[in-house]
Amino acid sequence: MFAIPDPIRRAVPLAALVLLATPAAAQDLPEPARAMVDAAIATGDAAKVAAVAEAARTTNPDAVEEIDGLVAAFTAERERIAAEEAAEEKRALREAGVFARWSGEGQLGGFRATGNADQLGLTAGAKLERDGIDWTHKLALLADYQENNGVAAREQYRATYEPNYRVDDWVFVYGLAQFESDRFQGYDARYSFSGGAGLTLLDEKEVQLSVKGGPAWRRTERVDGTARERISALAALDFDWQVAERLKLFEDASVFYEPEGTTLAARTGLEAGLGSSLSARFSYAVEYETDPLAGAVSTDTLTRFTLIYGF
């Protein structure tokens with residue numbers, strides 16, 4: 001078979017390419033049946049091609065070999081085009097600049113807190129993510145703030161950076177750097193650093209589930225001016241389930257384990273799509289400290305309702 005120049009190949013419909021790729025042979029398939037198969041091929045829908053081809057085989061048993069040839073040429077052409085597109089995407093990822101290929105979301109809304117503080121307030125945050133060939137970089141910022149008579153009644157901030165390296169389709173290694181501040185839990189700053197391995201347990205279109213774990217180091221700077229540094233272990237889970245076209249359920253959970261005091265955090269939520277880029281999110285977060293700082297209680301909860309804008 002002679003090679004078709006690229007400009008011409010891109011201009012010729014898929015059905016015509018299939019015809020060109022089919023060897024000249026005795027034509028046992030009646031013209032109406034061939035036109036039906038060609039029309040299915042022209043749609044590019046593999047399921048439709050399979051259904052029409054099966055019907056054509058049933059009604060034209062003497063032309064089975066010819067029909068199989070048309071379907072095989074269609075399949076080969078689709079695979080070739082998919083391989084070209086994958087190669088082009090890989091090239092674009094490899095050549096992308098540091099500030100390219102980022103996507104993310106911004107959120108703004110309100111919250112209700114119980115535990116160390118019982119109040120209503122404002123919440124705002126942003127997430128950025130960059131997918132490369134092997135690396136994924138994630139940045140997240142979150143702030144909750146509320147005032148009573150000009151005095152801060154809740155002031156909580158969190159910033160996280162997490163790079164992941166994919167070893168294969170199921171295994172990855174990660175790094176984690178996190179900063180937190182929550183004076184109502186008794187600390188001005190808490191720094192956490194961790195690194196380890198993770199496993200992708202599910203990676204389907206509707207459901208994704210991954211777990212990770214590794215050693216960690218934490219430094220807590222208390223509001224009373226003292227500080228504490230500890231070696232700990234981190235275990236975390238990330239679950240997303242696209243329940244319906246515009247409805248997603250998510251669960252994030254993590255444990256920083258220390259013999260002297262463990263921190264458990266979990267966040268459960270629902271996200272409903274409102275448009276192409278806008279969605280509404282309802283989430284409930286719980287944070288539990290086995291050894292809370294002086295003046296703080298063990299359990300903090302936060303119920304957030306936010307509007308999300310994706311970009």
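Judged purely by distance below 3.5 Å, without hydrogens or angles, the side chains of Thr136 and Arg166 pair a donor atom with an acceptor atom. Gln178 and Ser192 are not linked by any side-chain donor-acceptor pair at a separation below 3.5 angstrom, with hydrogens and angles left out of the test.
For residues 204-215, the pairs satisfying side chain to side chain donor-acceptor pair (under 3.5 Å) are Glu162-Lys212, with sequence neighbours left out. Within the structure, the ring-ring contact (aromatic ring centres under 6.0 Å, His included) test picks out no pair touching residues 270-311 (sequence neighbours left out). Under the ring-ring contact (aromatic ring centres under 6.0 Å, His included) criterion, the residue pairs touching residues 147-183 are Trp135-Tyr165, Phe179-Tyr191, with sequence neighbours excluded.
Residues satisfying the salt bridge (Lys or Arg N to Asp or Glu O under 4.0 Å) test with Glu258, not counting sequence neighbours, are Arg218, Arg230. For Glu289, the salt bridge (Lys or Arg N to Asp or Glu O under 4.0 Å) partners two or more places apart in sequence, or in a different chain, are Arg190. Taking Asp68 as the reference, Arg57 meet the side chain to side chain donor-acceptor pair (under 3.5 Å) condition, with sequence neighbours excluded. For the salt bridge (Lys or Arg N to Asp or Glu O under 4.0 Å) test, residues two or more places apart in sequence or in another chain that qualify with Arg267 are Asp252. Asp134 is linked by a side chain to side chain donor-acceptor pair (under 3.5 Å) to nothing, counting only residues two or more places apart in sequence or in another chain. Residues that satisfy the salt bridge (Lys or Arg N to Asp or Glu O under 4.0 Å) test with Arg158, not counting sequence neighbours, are Glu180, Glu287. With sequence neighbours excluded, no residue forms a side chain to side chain donor-acceptor pair (under 3.5 Å) with Thr220. Under the rule for a side chain to side chain donor-acceptor pair (under 3.5 Å), the partners of Thr123 that lie at least two apart in sequence or sit in another chain are Asp144, Arg304.
For the pair Thr268 and Leu249, the tightest heavy-atom approach, listed with the atom from each and the gap, is CG2-CD1, 4.5 Å.
Looking at Thr290, Leu234, Thr262 one by one, the single match for side chain to side chain contact (heavy atoms under 4.5 Å, CB included) with Tyr257 turns out to be Thr262.
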| field | Criterion salt bridge (charged side-chain N to carboxylate O under 4.0 Å, His left out) on Glu85 and Arg80, from CA distance to verdict | value | CA-CA 9 Å; Glu85 291 174 348; Arg80 184 189 63 76; over 6 Å; no

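Under a 4.5 Å side-chain heavy-atom criterion applied to ILVMFWY residues, the cluster that includes Leu142 comprises that residue alone.
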